[in-house]
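Read through the structure below, which is laid out as C-alpha cells, and then see the notes.
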Amino acid sequence: MITCVVEYVIDPAKIDTFEQFGRRWMELVDRHGGTHHGYFLPAEGASDKALALFSFPSLADYEQYRTLFGVHPDFIDADRIREESGCVLRYERTFMRPLLPRRDA
C-alpha cells in the first residue's frame with residue numbers, strides 16, 4: 001500500500017470552498033480504486049495549513065488513477081473548484097508507506 005500525503009497552504013477566507021473541493025476529491029479517489037482517509041483542516045486559531053491522506057494498493061494503481069487528471073470530466077470539474085476559487089495557494093505531495101499497529105487476537 002502507498003499513502004499520498006498532500007500538504008496544502010490554503011486561503012483561510014475560502015475554507016468553505018476548500019471543503020467543497022475536498023469532498024469532490026474524496027469521492028473521486030474512492031470511486032477510482034483508492035481509499036481516502038479524509039482532509040484535516042484548521043480547527044483553532046489562524047492557520048493556512050490543511051492535509052489530505054489517501055491510499056492506493058500500489059504506486060502503479062495510483063499512477064493509473066493519475067491518468068484521469070485533465071482528461072476525465074469529473075476530474076476536470078473537481079480541479080476547476082481549486083483553479084477558479086483560489087482556495088489552494090500551493091500544495092506538496094509526498095508518498096509514504098504506513099506502519100500500522102499490530103492487532104493481536
Side-chain angles (χ1 to χ4, degrees):
M1 176 172 30
I2 190 88
T3 298
C4 184
V5 178
V6 186
E7 298 179 58
Y8 293 95
V9 177
I10 62 173
D11 182 338
K14 298 178 180 176
I15 191 103
D16 290 342
T17 306
F18 183 78
E19 287 182 24
Q20 178 187 4
F21 165 80
R23 289 188 192 290
R24 291 292 297 278
W25 283 110
M26 285 189 281
E27 293 170 9
L28 290 171
V29 166
D30 288 342
R31 192 177 337 142
H32 292 279
T35 301
H36 209 294
H37 308 293
Y39 282 78
F40 299 83
L41 309 174
E44 292 185 31
S47 178
D48 61 355
K49 306 288 187 216
L51 293 172
L53 288 92
F54 55 92
S55 299
F56 279 85
S58 69
L59 187 56
D61 291 316
Y62 171 78
E63 289 172 349
Q64 179 63 36
Y65 156 82
R66 288 287 298 174
T67 65
L68 300 172
F69 280 66
V71 178
H72 192 287
D74 292 342
F75 283 63
I76 293 168
D77 287 343
D79 217 28
R80 188 176 292 129
I81 297 168
R82 176 189 54 82
E83 290 173 3
E84 291 179 357
S85 72
C87 64
V88 174
L89 303 177
R90 66 183 171 278
Y91 65 92
E92 183 176 312
R93 190 179 297 122
T94 305
F95 295 94
M96 306 181 110
R97 63 179 177 84
L99 175 64
L100 303 172
R102 289 188 178 142
R103 302 290 183 216
D104 297 329

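Worth knowing before you read on, the calculation uses all heavy atoms, side chains too, and leaves out hydrogens, waters and symmetry mates.
A donor-acceptor contact shorter than 3.5 Å links the side chain of D30 to the backbone of H36.
In this structure the side chain of H37 reaches within 4.5 angstrom of the side chain of T35, judged on heavy atoms. Put simply, the side chain of K49 reaches to within 4.5 Å of the side chain of V9, judged on heavy atoms. Under the 4.5 Å side-chain criterion, counting only non-hydrogen atoms from C-beta, I10 is in contact with P42.
Of all heavy-atom pairs between P98 and M1, the closest is CG-CE, 3.6 Å. Among all heavy-atom pairs drawn from G86 and D11, the shortest one is O-CB, 3.9 Å. Scanning all heavy atoms of the two residues, the minimum distance from S85 to C87 falls at OG-N, 3.0 Å. Scanning all heavy atoms of the two residues, the minimum distance from P57 to G33 falls at CD-O, 3.6 Å. In terms of heavy-atom proximity, Y39 sits nearest to A52 at CE2-CB, 3.5 Å.
Atom CD1 in I2 sits 10.5 Å away from atom CZ in F54 (nearest 0.5 Å). In this structure, Y8 OH and F40 CZ are separated by 12.5 Å, a value rounded to the nearest 0.5 Å.
Under the 4.5 Å side-chain heavy-atom criterion for grouping Ile, Leu, Val, Met, Phe, Trp and Tyr, V29 is connected to Y91 within one hydrophobic cluster.
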Between side-chain atoms of residues 15-25 and protein atoms elsewhere (two or more places apart, or another chain), which donor-acceptor pairs fall under 3.5 Å?
none

Taking distance alone, no hydrogens or angles, what donor-acceptor pairs closer than 3.5 Å link side-chain atoms of residues 64-76 to residues at least two apart or in another chain?
from, atom 1, to, atom 2, distance (Å)
T67, OG1, Q64, O, 2.5
H72, ND1, D74, N, 3.1
D74, OD2, R31, NH1, 2.9

